[in-house]
Undergrad: 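Here it is: the structure, laid out below.
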Amino acid sequence: MDPIVILGAGLAGLSAAHFLQRPWRLIEKSERVGGLIKTEVIEGCAFDPTGHWLHLRDPEIKELVNTRWLPEQLVTIQRKAAIYSRGVFTRFPYQVNTHGLPAEVVAENLIGYVEAVYGEKGRELREREPRDFAEFILRYMGEGFAKNFMFPYNKKLWTVDPSELSAAWVGRFVPRPTLKEVVDGALGVGSDALGYNASFVYPREGGIESLARGMLAHLKGGELSVNTEPTAIDWKARQVTLSDGRTLGYSELLSTISLPGLVRLVAKGASGVPDEVLAAAGRLRATTVTYVCVAARGKNPQPWHWIYLPEPEFKTYRIGSPSAVYAPLAPPDTSTFYVEYSHHGELSMAQAESYAVEDLVRSRMVNAADDILFARAREIPHAYVLYDTAYGPAKTEILRFLEHAGILTAGRYGQWEYSSMEDAILGGRACARRLNG
Ligand SMILES: O=c1ccn([C@@H]2O[C@H](COP(=O)(O)OP(=O)(O)O[C@H]3O[C@@H]([C@H](O)CO)[C@H](O)[C@H]3O)[C@@H](O)[C@H]2O)c(=O)[nH]1
């Protein structure tokens, strides 16, 4: 019998291979497994592709990570994240930590919140479901928080206005504060521990890629091919053509590669795809994130693991610091940063690198431009999937066809969704369980 073929050896693909009880073949286009958790070392400084801090909630996955994939190798870290706005740092999440901002901003945030959640002004939005992300923000946080943080920050992150997105993705990612949390936060007596990532774990050595390596080391029952990518899929014949010229028969196909990319591969196969499915794939959009890996002389001047920058004078939406999170990620007396830029069109590497130096110095994350040792830009072509008006109908159309064609998908880009590393592992497990029967 042909094996189960898994496309893509990121977390979802590795997880599926781990949980499968039938023979599998894992096909990976790059030279090593890990997908977007491949850690890069530049001049002795380790950089993950932006912040990949591991927060786990599923008991089985926690157990696997702790005892099999990364035994005795995890450090637990309490988040120290901030917002840099109006020239001051306030703690993350913004909505429950406004103490320290100018008094008029704190007042605007508080009054807006009370009006939205209890006042007459917010009644209409309270009585129905928010139609879009902008309405979600206004409904749960009010006009002040919207104006002073949520609208400008999210416009930078998503590259489109919050009114062009649905709120389908917010789930546990966007905290909806209570009145007590908002008031305590304005008075400076709030808790630091709100949100899904109040603490997280991270590998003691080797960066986040160690997780992928740990998973790979324990795989059984199948074969991995690296430097190999699918070039076409014939869903009726149940065959994948590979870049090395081979054609592989499959009993089942699980794809963790990008959903629109998968549709295009099926369209290249002999059985094709209906025109409307191909057109739907063309309507799925995602932001591109260019992140700049930076090293600077000297220890971190700020304690922050990462900061959010809502104001338009900064081109970046967020700056993170691997060395602040976990000092062994950088040589002694060196601080490191990833500076993130979200965009659709062209952003040259040189331009991003020059923005990064400027943004780091202006935000006081680095003392002076002269301290910078290097700045190297990297690109994530599909970073944040856009939940715009085309998203729901296009994805439904594609998934209906893939179900018919007997192709399963998992992972952040396979499912074309906003989700975490653990979600990718859970998605791989769910598909494996379905295939195990
Ligand atoms: O004060 C704030 C700041 C942000 N938000 C909203 O939360 C949304 C999610 O933000 P974040 O958790 O930063 O999103 P992301 O998926 O990129 O998070 C990954 O990165 C790290 C870390 O944040 C930095 O590296 C995190 O651990 C990862 O999961 C955002 O869209 C804002 O709208 C807010 O409500 N209040």
Side-chain angles (χ1 to χ4, degrees), residues 11 36-37 47-57 77-85 89-98 101 109 113 132-134 136-142 145-146 148-162 165-177 181-182 185 190 192 194-202 207-208 286-287 289 291 293 304-311 316-326 329 336-342 365 380 383-387 412 417-424:
L11 285 175
L36 267 182
I37 65 160
F47 294 95
D48 300 329
T50 79
H52 274 88
W53 320 115
L54 195 54
H55 16 87
L56 302 170
R57 37 193 217 290
I77 293 162
Q78 303 304 317
R79 178 192 68 209
K80 277 190 215 147
I83 286 78
Y84 187 68
S85 173
F89 291 104
T90 54
R91 288 208 170 241
F92 167 90
Y94 181 85
Q95 43 279 50
V96 299
N97 288 295
T98 52
L101 284 164
N109 291 341
Y113 177 86
D132 54 48
F133 183 42
F136 171 92
I137 293 167
L138 293 168
R139 157 71 184 85
Y140 291 103
M141 296 168 219
F145 282 119
N148 294 316
F149 180 75
M150 290 301 280
F151 280 3
Y153 176 74
N154 282 288
K155 179 88 198 281
K156 268 204 238 178
L157 170 67
W158 297 98
T159 69
V160 299
D161 196 89
L165 300 174
S166 81
W169 58 274
V170 297
R172 66 188 187 283
F173 296 105
V174 181
R176 284 172 236 183
E181 287 166 343
V182 170
D192 257 8
L194 207 83
Y196 69 100
N197 55 3
S199 75
F200 50 88
V201 292
Y202 193 77
I208 194 62
T287 65
V289 164
Y291 63 98
C293 305
W304 310 116
H305 296 164
W306 64 87
I307 62 168
Y308 299 82
L309 299 111
E311 282 152 15
T316 178
Y317 60 90
R318 191 171 58 187
I319 298 175
S321 174
S323 60
V325 174
Y326 185 50
L329 291 172
T336 54
F337 305 90
Y338 55 88
V339 189
E340 299 175 75
Y341 299 91
S342 201
M365 292 294 273
I380 305 174
Y384 291 91
V385 163
L386 284 185
Y387 285 67
R412 177 160 166 146
E417 64 184 13
Y418 179 62
S419 56
S420 68
M421 287 189 278
E422 185 186 36
D423 293 325

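Counting starts at 1 for both ligands and their atoms, following the listed order.
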Undergrad: Is the closest side-chain donor-acceptor distance between Asp48 and Tyr202 under 3.5 Å?
TA: yes
Undergrad: Could you tell me whether the side chains of Ser420 and Glu422 share a donor-acceptor contact shorter than 3.5 Å?
TA: no
Undergrad: At a heavy-atom distance under 4.0 Å, which protein residues reach ligand 1? Sort them by chain and number, would you?
TA: Gly51, Trp53, His55, Ile83, Phe92, Pro93, Tyr94, Gln95, Phe149, Met150, Tyr153, Asn154, Leu157, Trp169, Phe173, Val174, Pro175, Tyr196, Asn197, Trp306, Tyr308, Arg318, Tyr338, Tyr384, Tyr418
Undergrad: Who are the side chain to side chain contact (heavy atoms under 4.5 Å, CB included) partners of Ser342, not counting sequence neighbours?
TA: Thr159, Thr287, Val289, Tyr317
Undergrad: Please give me the minimum heavy-atom distance between Pro322 and Thr336, naming the atom from each residue.
TA: CD-O, 3.3 Å
Undergrad: Applying ring pair (Phe, Tyr, Trp, His ring centres under 6.0 Å), name anything that partners Phe89, two or more places apart in sequence or on another chain.
TA: Tyr84, Trp304
Undergrad: Tell me, please, which residues at least two apart from Asn97 pass side chain to side chain contact (heavy atoms under 4.5 Å, CB included).
TA: Arg91, Pro93
